[in-house]
Amino acid sequence: MSEHVEVPESHPRYLSLLTRHRIEDGVEKGITSMQGLIAQGRGEAFDYLLGERTIESADAAERAAAAHFLLANHPVISVNGNVAALCPGEAVELAEAVGADLEVNLFNRTDARIQAIAEHLREHGAEDVKGLTADARIPGIDHERAKVDADGIYDADVVLVPLEDGDRAEALAEMGKTELVIDLNPGSRSARTATVPIIDNVMRAIPNITAHARALRGATDAELRDIVESFDRETALDEAERAIRNGSFD
Ligand code: ATP
Ligand code: MG
């Protein structure tokens with residue numbers, strides 16, 4: 001139903017309204033969970049305070065994430081119900097641009113939702129979608145939430161986890177993975193445990209990582225390592241917090 005609601009592009013809240021419609025559609029299609037609706041509301045509030053833009057420090061984080069992807073042996077992009085509803089095509093495009101696997105990974109795991117998301121990603125051009133085998137476990141977290149694919153996230157050296165839950169983000173970091181987290185809340189544990197915290201809306205962050213990866217395609221490994229090493233995670237978190245706390249509505 002909400003698919004057919006027309007929002008004029010001139011509306012000042014156009015992007016915010018479009019986002020809500022996508023999440024609503026996601027719930028109707030069995031892709032997004034009810035919890036996902038709450039997560040969306042929380043993210044939206046932070047985005048409002050950030051001015052619904054990619055701040056400079058987030059752009060630097062997105063460039064560092066692109067460099068990590070290009071240096072990786074086995075990069076994986078984790079897709080949950082919100083990401084699948086908001087930017088499925090963009091996630092598929094990033095996976096292609098950096099040679100990453102896509103793995104469906106849900107906080108509230110049900111086979112029906114996993115199948116629906118995998119199908120949705122295939123409709124948006126994905127060829128191979130992982131997450132259906134679930135034959136490995138992330139150590140240190142409870143059974144259902146620990147499930148991953150042995151040849152996917154379990155094996156990855158670099159993993160992009162947008163809107164990840166704090167416990168799982170910590171457990172993945174403990175496995176020694178390079179963790180790229182997209183989360184609008186700089187105070188979230190997920191952002192705080194990331195190798196690269198990207199404090200931005202996933203709808204802006206993912207295409208911008210792809211753009212950086214394309215621009216860096218000709219770079220040498222030494223140049224990529226330089227980008228990775230000059231990125232400072234504390235600065236990224238502090239700058240985002242400053243933008244949120246000290247911004248103005250003018
Ligand atoms: P914790 O401190 O345990 O990490 P949390 O803040 O992550 O808690 P949740 O509501 O479980 O709480 O997680 C949802 C997170 O996803 C929030 O931090 C929210 O800001 C973020 N989020 C929601 N929508 C988006 C979006 N479109 N882009 C980026 N981040 C988003
Ligand atoms: Mg979190």
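When a ligand or atom number is given, it counts from 1 through the structure's own listing order. Being a predicted model, the structure only gives us computed values, none of them experimental.
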Which of the atoms of ligand 1 are close to [X], meaning less than 4.0 Å from one of its heavy atoms?
X: S190; result: 4 (O)
X: G43; result: 19 (C), 20 (O), 22 (N), 23 (C), 24 (N)
X: L86; result: 27 (N)
X: R42; result: 5 (P), 6 (O), 8 (O), 9 (P), 10 (O), 12 (O)
X: A39; result: 14 (C), 23 (C), 24 (N)
X: N185; result: 6 (O), 18 (O), 20 (O)

Contact check, side chains of [X] and [Y], non-hydrogen atoms, under 4.5 Å:
X: E164; Y: N105; result: yes
X: E179; Y: V196; result: no
X: N80; Y: F107; result: no

Shortest heavy-atom approach to [atom] - which of [options]:
atom: atom 24 (N) of ligand 1; options: L163, V83, N82, D200; answer: L163
atom: atom 27 (N) of ligand 1; options: I182, I38, D165, N201; answer: N201
atom: atom 15 (C) of ligand 1; options: D47, D183, D167; answer: D183

Practice item. Output yes when R204 and E62 qualify as a salt bridge under the 4.0 Å nitrogen-oxygen rule, no when they do not. Key: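 Not counted as a salt bridge, because no side-chain N and carboxylate O are separated by less than 4.0 Å.
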
Check your understanding: Hey, is E241 close enough to R245 for a salt bridge, meaning N to O under 4.0 Å?
Key ->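 Looking at E241 and R245, the cut-off is met.
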
Review point. Is there at least one pair of N or O atoms, one from E164 and one from ligand 1, spaced under 3.5 Å apart?
Key: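 No, E164 has no N/O under 3.5 Å of an N/O on ligand 1.
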
Exercise for review: Please confirm whether Q40 comes within less than 3.5 Å of ligand 1 when only nitrogen or oxygen atoms on both sides are compared.
Suggested key: no

Exercise for review: List the steps, then state whether side chain to side chain contact (heavy atoms under 4.5 Å, CB included) holds for I23 with L86.
Suggested key: CA-CA 7 Å; I23 290 281; L86 293 176; 3.7 Å; yes

Check your understanding: Side chains of E119 and Q115: donor-acceptor distance under 3.5 Å anywhere?
Key ->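 No, no side-chain donor-acceptor pair sits under 3.5 Å.
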
Exercise for review: List the steps, then state whether salt bridge (Lys or Arg N to Asp or Glu O under 4.0 Å) holds for D155 with K130.
Suggested key: CA-CA 12 Å; D155 177 65; K130 295 192 190 291; over 6 Å; no

